[in-house]
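Remarks on the structure that follows.
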2 protein chains.
Amino acid sequence: MPGRWGRGPAKWWHGEFRGCGYRITIPRQIILQVLDESKEHLSAEDIYLKVHNIYPAIGLTTVYRTLDLLINMGLIFKFDFGDGRARYELSRGPKEPSHHHHLICTNCGRIIDYTDFVDEELELLKKTEKKLSKKYSFEIKNHTIQFYGLCEKCSTSKE
Amino acid sequence: MPGRWGRGPAKWWHGEFRGCGYRITIPRQIILQVLDESKEHLSAEDIYLKVHNIYPAIGLTTVYRTLDLLINMGLIFKFDFGDGRARYELSRGPKEPSHHHHLICTNCGRIIDYTDFVDEELELLKKTEKKLSKKYSFEIKNHTIQFYGLCEKCSTSKE
DNA sequence: ATATTAATGAAAATAATTATCAATAAGGAA
DNA sequence: TTCCTTATTGATAATTATTTTCATTAATAT
Ligand SMILES: [Mn+2]
Ligand SMILES: [Mn+2]
Ligand SMILES: [Zn+2]
Ligand SMILES: [Zn+2]
C-alpha cells in the first residue's frame, strides 16, 4: 500500500526540515500531526500512544528523539507543570500564532491556556525584555509566564 | 556534647512549624539553615551534600521529604530550569522579601535572578492577576516568569 | 536501482524521586 | 528529669521518566 502515509500536500514544516538537512520520515510526520491535532499539553507517552494508534511500529525512543529535535528547531515548546513528566506543545501553528501563558491548578493539575492579552501586557513585556537584554547582556529568545493556584472546582470544594 | 545543635535563639520559622503541629528536628533546622545561607538554586542533592557536611547522619530521603513539607508550608519554591533536577529556594527570608524572576541560559544553564522591577511591572502583574482570577474563577496564589536565551558568555562565544 | 548514512526501535542503562519499614528522637505528661 | 507516644528518620528497595547502545531499516542523492 504505497502512499499510505506522507503522500498528501507538503506540510508547512517540510521546508524547515529540508533546510536543516533532516529527513522527513513517517514517525516525524505523524508525531507532528498528533501535536497539531491536539489542543492539550501532551507528555511523551501521550504522544507515543496517539502515534501508536496510527503507526504501531513507533518506538518511544523515537518520540523522545523527535521531540528533542523539534525543540531545537523551535517548532515546539517543552513545559514542566510539576507532575513529574515533561509536556509539549506546538510553538506556532500554520494557522494562528498561539503564544499564550498558563494557569496551573496546584491541586488537580488542570492547565488553562491564557491568550487574551491586553496591548498593555505585550508592550510591557517587550519593554522588560529590552531592559533585561541591555542590563544583563542577555539575548532573550522567549519566555514563560505561569500562574499557580486553585481552579474553580478545587477552590470551591475546599471550603 | 549537649546543645551542639538547635540551642540558639528561636528561628523565625519555628512558629510556622509549631502552628502546624510539626516537630522541629535537627535535619529540618539544618536544611533550612543551608537554604538560608545559600544564594544559589540548590538541587536536592546539593542540599544533601551541604547538610551532610554539618550533620553527616542526614539521609537523602529526609531531604526530599523536608523539601516537600517546606513547599506545602509555602516556605520554599520549587523550580524546573530544564536540567533534569528540581531546584529549590527560600520563598521569603526574614530579611528581604526576595520575590524575583529568572533569566535562564539555554546553552550553559546559568541562572540570573532578576529583582529590579519597575512599579509599572508590579502594577500590571497585579492587574493581570485580578483579571484572570475573575475571568477563569481561578484563585491565584503565585506566579513564575522566566526568560530563556543566551547569557553574555554564550552569546558572544557563538559568533 | 543503488549506495550512503541518517533515523529507527528493542533492550539495557541512568538517574531523580518515592515507597517501605524498623529504629530513633521530639515533645508532652507525670 | 524520666517515661510514653508517635512523628520523623535513614537504609534500602522500588519506581519511573528519560537516555544510551547498537544492529537494522529506510530516506535521499546519484
Ligand atoms: Mn499551553
Ligand atoms: Mn532565584
Ligand atoms: Zn483544580
Ligand atoms: Zn550561558
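Quick note on labels: first sequence line is chain A, next is B, and so on, each numbered from 1.
Across the protein-nucleic acid pair, B:Phe17 atom CZ and D:dT8 atom C1' stand 12 Å apart, rounded to whole Å. The separation between A:Tyr22 atom OH and D:dA27 atom P is 18 Å, rounded to whole Å. Rounded to whole angstrom, the span from the CD1 atom of A:Ile47 across to the P atom of D:dA17 amounts to 14 Å. In this entry the distance linking CG of A:Leu69 with C1' of C:dA6 reads 11 Å, nearest Å. Atom C1' of nucleotide D:dT25 and atom CD1 of A:Ile58 are separated by 14 Å, given to the nearest angstrom. In this structure, the CD1 atom of B:Ile30 is 17 Å from the P atom of D:dT8, given to the nearest Å. Following rounding to the nearest Å, B:Leu60 (CG) and C:dA16 (P) show an atom-to-atom distance of 10 Å. If you take CG of A:Asp68 and P of D:dT18, they are 11 Å apart, rounded to a whole angstrom.
Which of D:dT8, C:dT17, D:dT28 sits closest to the side chain of A:Ile24 comes down to D:dT28. Counting only heavy atoms from C-beta on, B:Ala44 has its side chain closest to C:dT17 among D:dG10, C:dT17, C:dG9. For A:Thr61, taking side-chain heavy atoms from C-beta onward, the closest of the listed nucleotides D:dA11, D:dT21, D:dT18 is D:dT21. Here the side chain of A:Thr25 is nearest to one of C:dT20, D:dA27, C:dG9, namely D:dA27. Distance from the side chain of B:Arg65 is smallest for C:dT20 among the nucleotides C:dT20, D:dT8, D:dA27. Between D:dC22, D:dG10, D:dT5, one nucleotide has an atom nearer to the side chain of B:Arg23 than all others, and that is D:dT5.
A centroid separation of 6.0 Å or more is found between the aromatic rings of B:His102 and A:His143. Between A:His101 and A:Phe147, a ring centre-to-centre spacing not shorter than 6.0 Å is recorded.
The residues A:Arg87 and A:Glu40 are annotated as not salt-bridged, no charged nitrogen and carboxylate oxygen being separated by less than 4.0 angstrom.
Under 4.0 angstrom from either OP1 or OP2 of C:dT8 there lies at least one side-chain N or O belonging to A:Arg28. Phosphate proximity of C:dT17 to B:Tyr64: present, with a side-chain N or O under 4.0 Å from OP1 or OP2.
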### Task
Determine, step by step, whether B:His100 and B:Glu89 satisfy the side chain to side chain donor-acceptor pair (under 3.5 Å) criterion, reporting the C-alpha distance in whole Å, the side-chain angles of both residues, the deciding distance to 0.1 Å, and the verdict.
CA-CA 11 Å; B:His100 61 268; B:Glu89 65 183 4; 2.8 Å; yes
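Within residues 72-87 of chain A, the residues approached by DNA chain D to less than 4.0 Å at the level of any non-hydrogen atom are A:Gly84, A:Arg85, A:Ala86, in residue-number order.
The hydrophobic clustering, which links ILVMFWY residues whose side-chain heavy atoms are closer than 4.5 Å, places B:Ile140 and B:Phe79 apart. B:Phe81 and B:Leu42 fall into different hydrophobic clusters, where Ile, Leu, Val, Met, Phe, Trp and Tyr side chains are chained together by heavy-atom contacts under 4.5 Å.
End-to-end axis angle for the helix from C:dA1-D:dT30 to C:dA30-D:dT1, using five pairs per end and rounding to 10°, comes out at 40°.
Heavy atoms only, all atoms of each residue included: B:Glu121 and A:Leu124 are closest at CA-CD2, 3.6 Å. Contact between A:Tyr148 and B:Phe138 at its shortest, heavy atoms only, is C-CE2, 4.1 Å.
Two residues are said to be in side-chain contact when any heavy atoms from C-beta on lie closer than 4.5 Å; A:Asp83 and A:Arg85 meet this criterion. In this structure, the side chains of B:Thr62 and B:Pro27 come closer than 4.5 Å at one or more pairs of heavy atoms.
Contacts of B:Thr62 with the nucleic acid, taken as non-hydrogen atoms under 4.0 Å apart, include base atoms.
Both B:Gly21 and B:Tyr48 lie close to DNA chain D; mapped to their nearest nucleotides by heavy-atom distance, the more 5′-ward contact belongs to B:Gly21.
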